[in-house]
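Have a look at the structure below, then the notes.
Along the sequence shown, residues carry numbers from 1. Side chains included, hydrogens not; waters and symmetry mates left out as well; all remaining heavy atoms used. This structure is a prediction, so every number in the text was calculated from the model and none was measured.
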Amino acid sequence: MKQPMLWTFIMMTAFVLLFFVGTVQIQGVSSSIFQMIGFGGMVFTMLYGLLVTQHTESENQEKQEE
């Protein structure tokens, strides 16, 4: 995947919007479902961004060691 941090930003934006749609626009059980999906997606996206950052840093370290 090219430019993983760009995709991370796009995913985070989409999940934040989904979360806020669930809190403001929709009521009842659907609201809870949208909030759970949005919150879970935000956590997943943050962890994915952290993983990509660590992977990039480890690749840079390996290049410097050689």
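Taking each heavy atom of F15 and I37 in turn, the nearest pair found is CD2-O, 3.9 Å. Residues F19 and F39 approach most closely at CD1-N, 4.0 Å, considering heavy atoms. Residue S31 comes nearest to G22 through the heavy atom pair OG-O, 2.5 Å, listed as atom of the first residue, atom of the second, then distance. Here the closest heavy-atom approach between residue Y48 and residue P4 is recorded as OH-CB, 4.0 Å.
Side-chain contact between T23 and F20 is present, with heavy atoms from C-beta onward closer than 4.5 Å. Using a 4.5 Å heavy-atom cutoff, the side chains of Q35 and L18 are not in contact.
V16 is connected to V43 through a chain of hydrophobic side-chain contacts under 4.5 Å among Ile, Leu, Val, Met, Phe, Trp and Tyr, so both are in one cluster. Criterion: ILVMFWY side-chain heavy atoms under 4.5 Å apart, direct or through other members. Under it, F34 and V24 are not part of a common hydrophobic cluster.
A distance of 12.0 Å separates OG1 in T56 from CD in Q61, rounded to the nearest 0.5 Å. Distance CE/M12 to CE/M5: 9.5 Å, rounded to 0.5 Å. One finds the CD atom of Q3 at 13.5 Å from the CZ atom of F9 (value rounded to the nearest 0.5 Å).
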Could you go through the side chain to side chain contact (heavy atoms under 4.5 Å, CB included) check for W7 and I10 one step at a time? CA-CA 5 Å; W7 285 108; I10 291 170; 4.2 Å; yes

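The side chain to side chain contact (heavy atoms under 4.5 Å, CB included) search around L50 returns Q54, not counting sequence neighbours. The side chain to side chain contact (heavy atoms under 4.5 Å, CB included) check on V21 picks up Q25, I26, with sequence neighbours excluded.
Residue Q27 qualifies as open at atom CD: its count of foreign heavy atoms under 6.0 Å is 12 or below.
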